[in-house]
2 protein chains.
Amino acid sequence: MAQGETGAFLQDCGDCPIRHRAVCARCEADELTALEQIKYYRSYQAGQTVIWSGDKMDFVASVVTGIATLTQTMEDGRRQMVGLLLPSDFVGRPGRVTAAYDVTATTDLVMCCFRKKPFEDMMIKTPHIAQRLLEMTLDELDAAREWMLLLGRKTAREKIASLLAIIARRDATLQLKTMQGGAVFELPLTREEMADYLGLTLETVSRQISALKRDGVIALEGKRHVTVTSMDRLLEEAGDDSDGGMLA
Amino acid sequence: MAQGETGAFLQDCGDCPIRHRAVCARCEADELTALEQIKYYRSYQAGQTVIWSGDKMDFVASVVTGIATLTQTMEDGRRQMVGLLLPSDFVGRPGRVTAAYDVTATTDLVMCCFRKKPFEDMMIKTPHIAQRLLEMTLDELDAAREWMLLLGRKTAREKIASLLAIIARRDATLQLKTMQGGAVFELPLTREEMADYLGLTLETVSRQISALKRDGVIALEGKRHVTVTSMDRLLEEAGDDSDGGMLA
DNA sequence: CTTTCCGTTTGATCTGCATCAATGCCGATA
DNA sequence: TATCGGCATTGATGCAGATCAAACGGAAAG
């Protein structure tokens, strides 16, 4: 392996900077070397399925670039998205053999994978990893519960505003931008994907976006480029008491 | 401390058998003694609030007997239940100071608590605990995602059937009963609580329960005592492909 | 330049659940 | 035994969002 890459990895996990740094920030150098030896990269094209629900899943991974989704499907085809994976997010669960959800690349996607068995072995030897993974999982659980409030009790308009707020915030975090006042970003999802996330139909999503545009809450350039005039106004529309919660 | 109680705890955690055994099954005797020294019990009456969202929470705990709920509330009063805590379930998160949800006792409730600081210290010294907690949290996350499908995509009738199936299964597990064919149990929730869990109104809950009764899927004795004739039929009504999923 | 295709928008109508409003059923209290 | 108060049921009506259907726009292919 390339000298430079290894060096970078030992300091900040190189190519998968954010989440891996988070996973191993507290590890010793030799533990990082061990992690280094079991990692590998996989690329997927937009639209490609990474894993089907029920498949054997012999790795865990974190997203390096691109966006993936977790979805559940009923026999009759009704679909509900249950997670949105942005760069730095973790997929897969140690101690489980089969995948519980469909994982799909919605944009071109690069993931950094660890074969599951060695990763589990390492977890046992390196307590920091389990502790860090626990923190991350608890955050995801909070996000899922926030989403339950949205699915169970919010109106279509509030749902759309909430989703836009979440994407704006995640985007700002990744870009290390602040969003004082407003925000500008590209929608990473189609109307149908948004509908699957929000428990709506794509027609309702389209109508509510048009309504938010008409009411001056957002501006659109093309179909995907969104400008949020006032973040405060958007959060108000979202019906959020505080800051709009987090995302899985 | 009483000799008998300590002995029991060291073997199977005595008074809080199920979850504590799960947490410490792999621990050494002296670690268990340490856990023993930081635990204490608290009782609540039906309807009492255990913790308000936003309060400082200086303990983690597991339910010994009774039932508690986790709920989120919007400013205008809309409520969504995001978790149902049955005996053996764990509450609270290490590494967080304030509670994220209202925790309420729906029946008389006994919890076994651990002061947070000592518990966190122990977690660092005892890797098994973090690993076990990770497993438990991942299970809860799966349950939350199953619930997202219910909230986002199921009809009122399917929601009710799903809830009944989940309660029947949890009840059977706790009683160590099998439910070949049918099941009988007490509903631990009012119609309003069911509505808050399912993202419905209490009137709709009532109507759909009546409908399931009329259609012979369940039988009612009084308002709470439920008899499920055929578990298969109930799961079919729930729209579940496999087994109805799990619960937080 | 034209055609095709896919995602999107917009319109018309339908319907499942919410909302508003009584009434019924106990168990508790006097 | 009468009365009250908290759940639960049932009915009548309204509306947000689903469904069905058509047309639009822009990128890619011929």
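Values in this document were obtained by computation on a predicted structure and should not be read as measured data. FYI, side chains are in, hydrogens and waters are out, and symmetry mates aren't considered; it's all heavy atoms of this structure. First the proteins, then the strands, lettered A, B, ... as listed; each starts at 1.
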N/O donor-acceptor pairs under 3.5 Å from side chains in residues 98-115 of chain B, not counting sequence neighbours:
from, atom 1, to, atom 2, distance (Å)
B:Tyr101, OH, A:Asp142, OD1, 2.7
B:Asp102, OD1, B:Ser53, N, 2.7
B:Thr106, OG1, B:Ile67, O, 3.1
B:Thr107, OG1, B:Ile67, N, 2.9
B:Asp108, OD1, B:Ala46, N, 2.8

A:Ser230: which residues meet the side chain to side chain contact (heavy atoms under 4.5 Å, CB included) condition with it, sequence neighbours left out? A:Asp232, A:Arg233

Below 4.0 angstrom, which residues in residues 184-191 of chain B have at least one non-hydrogen atom near DNA chain D? B:Thr190, B:Arg191

Could I get the full list of side-chain hydrogen bond (donor to acceptor under 3.5 Å, both in side chains) partners for A:Thr204, not counting sequence neighbours? A:Thr201

Cut-off 3.5 Å, no hydrogens considered: what does the side-chain donor-acceptor table look like for residues 207-221 of chain A, sequence neighbours left out?
from, atom 1, to, atom 2, distance (Å)
A:Ser210, OG, A:Ser206, O, 3.0
A:Asp215, OD2, A:Arg157, NH2, 2.2

Each nucleotide of nucleotides 15-27 of chain D classed B (base within 4.0 Å of a protein heavy atom), S (only sugar-phosphate) or -, in 5' to 3' order, makes --SSBB-------

Sorted by chain and number, sequence neighbours left out, side chain to side chain contact (heavy atoms under 4.5 Å, CB included) with B:Glu236 holds for none

Could I get the full list of salt bridge (charged side-chain N to carboxylate O under 4.0 Å, His left out) partners for A:Arg78, not counting sequence neighbours? A:Asp76, B:Glu158

For B:Ala195, enumerate each residue passing the side chain to side chain contact (heavy atoms under 4.5 Å, CB included) test, keeping only those at least two apart in sequence or located in another chain. B:Leu202, B:Val205

First and last nucleotide of DNA chain C touching chain B, 5' to 3', heavy-atom cut-off 4.0 Å? C:dC17 to C:dC20

Other residues, nucleotides, ligands: >12 heavy atoms within 6.0 Å of B:Glu203 CD: yes

Those residues at least two apart in sequence (or on a different chain) that pass side chain to side chain contact (heavy atoms under 4.5 Å, CB included) with A:Ala238 are A:Ala161, A:Ser162, A:Asp240

With salt bridge (Lys or Arg N to Asp or Glu O under 4.0 Å) as the rule and sequence neighbours excluded, what pairs involving residues 46-67 of chain A come up? none

